[in-house]
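Structure record follows, encoded as structure tokens.
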Amino acid sequence: MLSSVFPTATIPSDGFFGTTFANWDSTDTHENPWVYPTSQEPVLSFSGSDDSTPKTNISNSGSDDGSPVVVNPIDERKRRRMISNRESARRSRMRKQKHLENLRNLVNRHKSGNRELMNRLRLALHHGQILGKENVRLRSESVMLRQKLWDLHQVIACMDMQ
């Protein structure tokens, strides 16, 4: 019954605690990655009491053959920690993805602002060139008018002398 829900491939035990870890290369993300093989021998643990007698933590897995599955408290803590770490890593990836998306949006806004500023700069430079040409034309006209004014003053001065 559980074999249809849980992946069956496992990594060999670590040799110290006798734990067995699930295969993390499972492609189906909806499957539970934890496998407690029924062929594993019971794991002994010592309670914190004074008698120091080994206790075996055995629970029935509900499998079709009725064989018990051994769950060590250390394994359970490792399993919970691994699940917690996996969730933490997922949240970290989500934060990183959101941060990256925010940075991309910021880059796009800055590019758009930069284009707008470049267009305004081009327009200002164009107006500057037009005003520069107008300024040159007005200066040359001013020089010409001053020359005419000087010439007229000369004519008037000659007439006053006569």
Side-chain angles (χ1 to χ4, degrees), residues 1-40 43 57 59 61-63 69-162:
M1 179 170 106
L2 289 178
S3 63
S4 64
V5 176
F6 297 107
T8 57
T10 59
I11 298 173
S13 68
D14 64 3
F16 183 72
F17 289 109
T19 57
T20 304
F21 299 101
N23 183 1
W24 295 107
D25 295 330
S26 175
T27 57
D28 188 2
T29 57
H30 299 291
E31 292 182 352
N32 188 342
W34 296 99
V35 177
Y36 294 99
T38 58
S39 64
Q40 184 180 16
V43 177
N57 187 0
S59 65
S61 67
S63 63
V69 174
V70 177
V71 179
N72 187 342
I74 294 173
D75 292 343
E76 184 64 22
R77 277 184 277 162
K78 281 184 181 180
R79 183 184 70 80
R80 281 195 306 257
R81 187 173 59 241
M82 289 178 81
I83 290 172
S84 173
N85 288 347
R86 192 178 311 132
E87 276 298 310
S88 176
R90 184 187 64 78
R91 286 190 305 268
S92 176
R93 285 190 303 272
M94 295 285 280
R95 278 192 309 272
K96 184 178 179 181
Q97 185 176 4
K98 187 175 181 180
H99 180 66
L100 187 59
E101 184 178 329
N102 289 340
L103 289 176
R104 284 180 178 145
N105 290 338
L106 186 63
V107 165
N108 289 336
R109 282 196 307 265
H110 286 164
K111 282 182 178 180
S112 175
N114 192 24
R115 277 192 301 270
E116 182 181 337
L117 289 173
M118 291 299 287
N119 288 338
R120 289 173 61 188
L121 178 62
R122 276 192 219 101
L123 183 63
L125 290 173
H126 179 67
H127 284 280
Q129 286 176 347
I130 290 171
L131 291 174
K133 289 177 183 178
E134 182 72 14
N135 194 15
V136 168
R137 186 187 65 78
L138 290 173
R139 285 179 191 248
S140 67
E141 187 178 334
S142 172
V143 168
M144 203 173 13
L145 289 174
R146 282 185 188 178
Q147 184 64 40
K148 282 184 182 181
L149 184 62
W150 173 256
D151 290 343
L152 287 175
H153 278 293
Q154 291 296 325
V155 169
I156 293 175
C158 285
M159 288 171 129
D160 284 344
M161 287 181 142
Q162 290 177 356

task: Check side chain to side chain donor-acceptor pair (under 3.5 Å) between N85 and all other residues, then give those that pass, not counting sequence neighbours.
output: none
query: Which distance, rounded to the nearest 0.5 Å, do you find between the CG of L121 and the CE of M118?
result: 6.0 Å
field: Qualifying salt bridge (charged side-chain N to carboxylate O under 4.0 Å, His left out) pairs with a residue from residues 91-103, counting only residues at least two apart or across chains
entry: none
field: Rounded distance [0.5 Å steps], CZ in R81 versus CD1 in I83
entry: 11.5 Å
- line: With sequence neighbours left out, the residues meeting side chain to side chain donor-acceptor pair (under 3.5 Å) with E87 are R90
- prompt: Are there more than 12 heavy atoms of other residues, nucleotides or ligands under 6.0 Å from atom CD of Q154?
  reply: yes
field: All side chain to side chain donor-acceptor pair (under 3.5 Å) counterparts of D151, not counting sequence neighbours
entry: Q147
query: Considering residues at least two apart in sequence or located in another chain, which fulfil the side-chain contact (heavy atoms from CB on, under 4.5 Å) criterion with R109?
result: N105, L106
Separation between NE2 of H110 and CG of L103, rounded to the nearest 0.5 Å: 10.5 Å
field: Between CD1 on residue I130 and CG on residue L125, distance to nearest 0.5 Å
entry: 11.5 Å
Name every donor-acceptor pair, under 3.5 Å, that has one atom in a side chain of residues 133-145 and the other anywhere in the protein, sequence neighbours excluded.
unit_1, atom_1, unit_2, atom_2, d
E134, OE2, R137, NH2, 2.4
N135, OD1, R139, NE, 3.4
R137, NH1, E141, OE1, 3.1
S140, OG, V136, O, 3.4
S140, OG, R137, O, 2.8

